[in-house]
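Just so we're on the same page: letters track the sequence lines, and every chain starts at 1.
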Amino acid sequence: MSDAATPTPSRTPDSGPAHRYTAALAEAIETRWQTWWDENRTFVQPNPGDPGFDGARPKFYCLDMFPYPSGAGLHVGHPEGYTATDIICRFRRMKGFNVLHPMGWDAYGLPAEQYAIQTGVHPAITTRRAIDTFRRQLKRFGFSYDWTREFATIDEDYYRWTQWIFLRLYNAWYDEERRTARPIDDLIAEFRAGTRPLRYNPKAAEYAHAPGVTANTIAGPWDSVDYETRRSIVDSYRLAYVSEQLVNWCPKLGTALANEEVIDGRSERGGYPVVRKPLRQWMMRITAYADRLIDDLAGLDWPESTRTQQAEWIGRSEGAEIDFPLLDPDKSITRTLRVYTTRPDTIFGATYMVIAPEHPLVATALEEARPETDIDAVEAYIARAKARTDVDRQADTKTKTGVFSGIMAVNPATGMEIPVWIADYVLMGYGHGAIMAVPAHDERDFEFARQFNLPIRDVVLSRIHWAMAYFAKNATDDERTGDTWSTHLADFLGLVTSTNAEPDHMPTLLARVRATRPVVGAAGGGGAGAGAGSGDAGVGKRGSTQGEWLETIASMGFASLDDLRNAFAEGTIVERFGIAYSGAGHAINSANAEVSLDGLSTADAKQRIIAWLDQKGIGRKKINYKLRDWLFSRQRYWGEPFPIVYDERGFHFPVHESKLPVTLPPLEDFKPEESEDPQPLLAKAKDWMRTTAAQVGVADLPADAIVRRETNTMPGWAGSCWYYLRYCDANNQSRFIGKPAESYWMTGRVATSHERPIPTPIGGVDLYIGGNEHAVLHLLYARFWHKVLFDLGDVSTPEPFQKLFHQGLITSYAYQRADKGLVAVDMVDNKGTEEKPRYIARDTGEEVTQITAKMSKSLKNVVNPDDVIADYGSDTFRLYEMYMGPLEASKPWNTRDITGLFRFLQRLWRLTVNEETGSLRLAPDTSADSNAHAQIEKLLHRTTAKVEQAIEKLSFNTGIAALIELVNAATSSVGAENGPGLTRAQLERLALILCPFAPHIAEELWSKLGHTSACSLAPWPAVDESMLRDSEVELPVQVQGKVRARITVPADADDAAVTAVALAEPKVAELLSGKPPKKVIVVKGRMVNIVL
RNA sequence: GCCGGAGUGGCGGAACUGGCAGACGCGACGGAUUCAAAAUCCGUUGGGGCUCACACCCCGUGCAGGUUCGAUUCCUGUCUCCGGCACCA
């Protein structure tokens, strides 16, 4: 710990009164109430239909993010969010809500398995052990979870339903017209009836390059098509499907990883290298939901940053796809190259094309002899691109590499022949794996063009360039002569920028500039004074900006205005500047016999060119996404098995619902092989793998047909995709969630049928708190599953989580050398004072600076919650974590500060309990009339109101500050010597408003007050509004915005009365020195400001 | 590079919608209690000036401007730090 000086309170009260609030007493109180709550089932929340359920109460579903029970146990970061949700839940219960506040374990997945491998013990054992540790630690905090709803993803009772949901996805397809998922049987029925043409799913990426299949190939009537084709067509629509994919294979982990689990070409877990490898994998067609996943974000109460991150991850962009004709070796045109672009308006500037190294056209280039193709170079480049891992590929995005394919294309807008290059800066996975390169208006194309000397042609001008071009073209002889042209141009540009002028205003503006300058100024020689100070209002700040513009013009390096004009005419301005212009502007050099974009704004130019392309049949509007389908299989052991079997032909069949769960076989050897040649681990369980159609309930096969089970397992995300639903009805044996429970906890209504239209709010969980590390992955996957279940009628809301909140990271102190190297906390001494610390590294003796850093073992700054609770108790721990600062902010753990909250509880205890006898110290009710008690009474109402608001705003630190103020006031106004501070009625209410924050001490006081039922379930005290207002208020009196005096006036005094009192103040009168004030501003109940 | 968020005393932080900057806690300093210490309690505590003192004055919310009677809060520019994304055409 950073502060060895912090005193630790004695754990045994060997000195001092017997009933002092020490760590030992706190522990005794806390464990007593934790046991009491357990035994009395205080926080068990009945469901609709259960005995004791009160449907008249509003519901509040408050969820903590599913913890991963690691072997290391709880970390101080965990209880931060949990304490926050606990406070709100306790508050809501007291406010009369039915509160669903559950906890469970996300127990499958790589970390648990890696840990098991390290320790050599079976993951089931290590995971169960870790869960026990987590549960024990959590219980010690006194969180008000309904533990009867606890489960782990590894429970057969749970993953049975995870498999069931997988089958729901497997047996569903996305109907693009209706924008909803539907049962696959509907699709088959439509195919069979002929109401839907039998063809491959045009959106199915996995069939995009299937031989002989185009988007429009119709296979014919259902009955005329063979079984295999029918199957593969139907499969192309399934939301869960198998595909041979280039996946991120991590040899070290022995598994494929989702794109999201790969960071900078390395595995998110462990940081091992990842290579691209084709593998047969289960996929989830999340791309079908891309639009809805973006659109529905708008209705959610989520942090802006998280919504942005999700939207960017999905990456919707609007543009066009365009077919560029390709020249065959004999110069005829039989093929086209399709590209995607967001800037179709720049097509006149497309001077070359680029295809990804994996593009199918590469094979064409190699197969068809073209004298221009350097076959060796192309092959070498492709081989290199293939061998390059993503790490290398992303490491140097600065230098572009590529090779000419030998193929020429035709720019359909200009009619020019342009070369097709192969380069790895174009990615096969996005768009069509091919681009039209517009070097003048795309940074990457620009770099590439420079590298390989490809032509660069301006087709869009920014406002400034447009103005320059206009000036160059329209300058008078006088304006273009000698050196003065730059001065004149500078004046014009200054005016153009200050008025944000569009191109059609250029003539007017130029006329204005001419009107304000003596035309004979040519002799001035371009000095800075030429246009300055001419004082015309319309020209504005011309004088001050002229200098800057002159510099800009000089830096362009044009010898004369004619040079400048020529550069525009040739379209080489971008090249001259050496930087691509990728912003919006106005088109130039963009016209052919049929269409002209010249002068159009970028937005208008896009529309015009798309219309033209559309009419020619060579292009169309197109929306593209970065989001790709979700890779859903892993080759590891510790995950949910797929409910899928294969027959001898290799066709997949779903295991029948009645045969679920497909249990994980008990493997002895669960270590993955570190391999380039992937083999799922479950393939080792030979007996488990082999079964019969009857045993798994596949009716489409003969009962005794031998089938083998799928040996991949589901990814770690699977279990956390729907756990919030299971909590609603955790012990349901016949369904994944019962209808009444789902309807009540997700929508607040008890209903038995699926509800349409969409309820508001659109998400079911009322408050979801967790770290922002899950901003994209977990939250996106869970939303996707939820939407599928919604479409299929299994749940009532289109979104799972209405309100989301991220708690900040709890950091710790560490030390940093001048060379940025970090030094562990135990290697540093403070050789200075507290005020002026000088931190010295013990080994080198150099001075280091204190910084905040993530807690880590290597920095020795990890805080173990068990230790803190042992030293202070969990009430103090809870208060400290909530008092550190705003919940969403990341903040440093400072052990030294905990004592402040401990003292607060001690002061409260001493105020109300006789430390010698342990009995209550209460002021007699008759003393309630005294002035001191009246003041406490008023403060108590105000504190109650403040605490209530603070909890609603999740601003716990200010709520606790208010409680401290109340206790301090009660302690000092009545005081220990003058007798007890609070009456019974006052202490009751204090216990109640403290209860959400420090529930144990609150229960203890509550029971000492004679109550036999739980404080935690008692009604929240009412606030008397009249107690919140004072009859008199003190107002500051400002003169010219500075406080010069204070006045006390009745709270309801009108402005005139307040003004009179303020002006009568001697200090104010002195400053006015007899003159009447120009103006007096009275802000009711706030302040008075007098303007002289 | 792009997108978010944040810069306030020695430290963590507070300040409702533009209205008394620094609530509350820590630390520090002084005092009470104590044989002494711990614990506890009371007082002081943004910086500077001036005064015996009370009072009073000036400066102050990363930096430079602007709007306003009045700006931590709104606007423009700029610096720094943190988080996320990153060859997505």
Sugar-phosphate only, base, or nothing, as touched by A:Pro303 at under 4.0 Å among non-hydrogen atoms: nothing
A:Arg896, nearest nucleotide to its side chain (from B:C87, B:C26, B:A14): B:C26
Interatomic distance, A:Met884 CE vs B:G13 C1' [rounded to whole Å]: 11 Å
A:Leu337 and its side chain to side chain contact (heavy atoms under 4.5 Å, CB included) partner, picked from A:Ile322, A:Ile355, A:Asp323: A:Ile355
Whole angstrom value for the distance that separates P of B:U40 from CG of A:Leu905: 13 Å
Among B:C58, B:G83, B:G12, the one nearest A:Lys1042 by side-chain distance: B:C58
Touch class at under 4.0 angstrom, heavy-atom based, for A:Arg1046 against every strand present: base
Nucleotide nearest A:Ser305 when distance is taken to its side chain, options B:C3, B:C87, B:G4: B:G4
A:Arg903, nearest nucleotide to its side chain (from B:C26, B:C85, B:A89): B:C26
Length of the CG-C1' vector between A:Asp424 and B:A89, whole Å: 14 Å
Minimum-distance nucleotide (side-chain atoms of A:Glu312 versus B:C20, B:A89, B:C3): B:C3
Value in whole Å for how far the P atom of B:G25 lies from CZ of A:Arg878: 21 Å
Sugar-phosphate, base or nothing in reach of A:Ile964, heavy atoms under 4.0 Å: sugar-phosphate
Closest listed nucleotide, where the reference is the side chain of A:Val426 and the choices are B:G10, B:G19, B:A89: B:A89
Nucleotide nearest A:Pro1036 (side chain, heavy atoms from C-beta), chosen from B:C24, B:C20, B:A89: B:C20
Phosphate-side-chain proximity, A:Gln906 and B:U40, N/O vs OP1/OP2 below 4.0 Å: yes
Residue A:Arg910, side-chain atoms from C-beta onward, closest of B:G12, B:C87, B:U40: B:U40
Sugar-phosphate, base or nothing in reach of A:Gln1038, heavy atoms under 4.0 Å: base
Side chains of A:Val354 and A:Ile422 in contact at under 4.5 Å (non-hydrogen atoms): no
Residue mapping more 5' on RNA chain B - nearest nucleotide basis, A:Ser890 or A:Asn772: A:Ser890
Consecutive-pair stems (at least three Watson-Crick or G-U pairs, under 3.5 Å) that include RNA chain B: B:1-7 with B:79-85, B:10-12 with B:24-26, B:27-32 with B:40-45, B:46-49 with B:56-59, B:62-66 with B:74-78
Atom pair distance, as rounded to whole Å: CG in A:Asn968 and P in B:C41: 9 Å
Sugar-phosphate, base or nothing in reach of A:Lys891, heavy atoms under 4.0 Å: sugar-phosphate
Sugar-phosphate only, base, or nothing, as touched by A:Met1087 at under 4.0 Å among non-hydrogen atoms: base
Shortest side-chain distance from A:Thr341, nucleotide among B:A89, B:G19, B:C58: B:A89
Whole-Å C1' distance, B:U17 and B:A28: 38 Å
Listed nucleotide nearest any side-chain atom of A:Asn1089, set B:G25, B:C26, B:C69: B:C69
Sugar-phosphate, base or nothing in reach of A:Thr306, heavy atoms under 4.0 Å: nothing
Sugar-phosphate, base or nothing in reach of A:Arg1044, heavy atoms under 4.0 Å: sugar-phosphate
Ring center gap for A:Tyr880 and A:Trp893 short of 6.0 angstrom: yes
Between B:G27 (P) and A:Phe902 (CZ): distance, integer Å: 14 Å
Touch class at under 4.0 angstrom, heavy-atom based, for A:Lys1067 against every strand present: sugar-phosphate
First encountered from the 5' end of RNA chain B, between A:Ala961 and A:Lys626: A:Ala961
From CA spacing to verdict: ring-ring contact (aromatic ring centres under 6.0 Å, His included), A:Tyr425, A:Phe448: CA-CA 9 Å; A:Tyr425 83 89; A:Phe448 191 82; 5.2 Å; yes
Pairwise side-chain hydrogen bond (donor to acceptor under 3.5 Å, both in side chains) hits with a residue in residues 428-443 of chain A, at least two apart: A:Ser317-A:Tyr430, A:Glu321-A:His432, A:Asp442-A:Arg444
Residue among A:Gln807, A:Arg878, A:Lys891 satisfying side-chain hydrogen bond (donor to acceptor under 3.5 Å, both in side chains) with A:Glu80: A:Lys891
NZ/A:Lys854: more than 12 non-hydrogen atoms of other groups inside 6.0 Å: no
Sugar-phosphate, base or nothing in reach of A:Lys1078, heavy atoms under 4.0 Å: nothing
Electrostatic pair A:Lys606:A:Asp345 at N-O distance under 4.0 angstrom: no
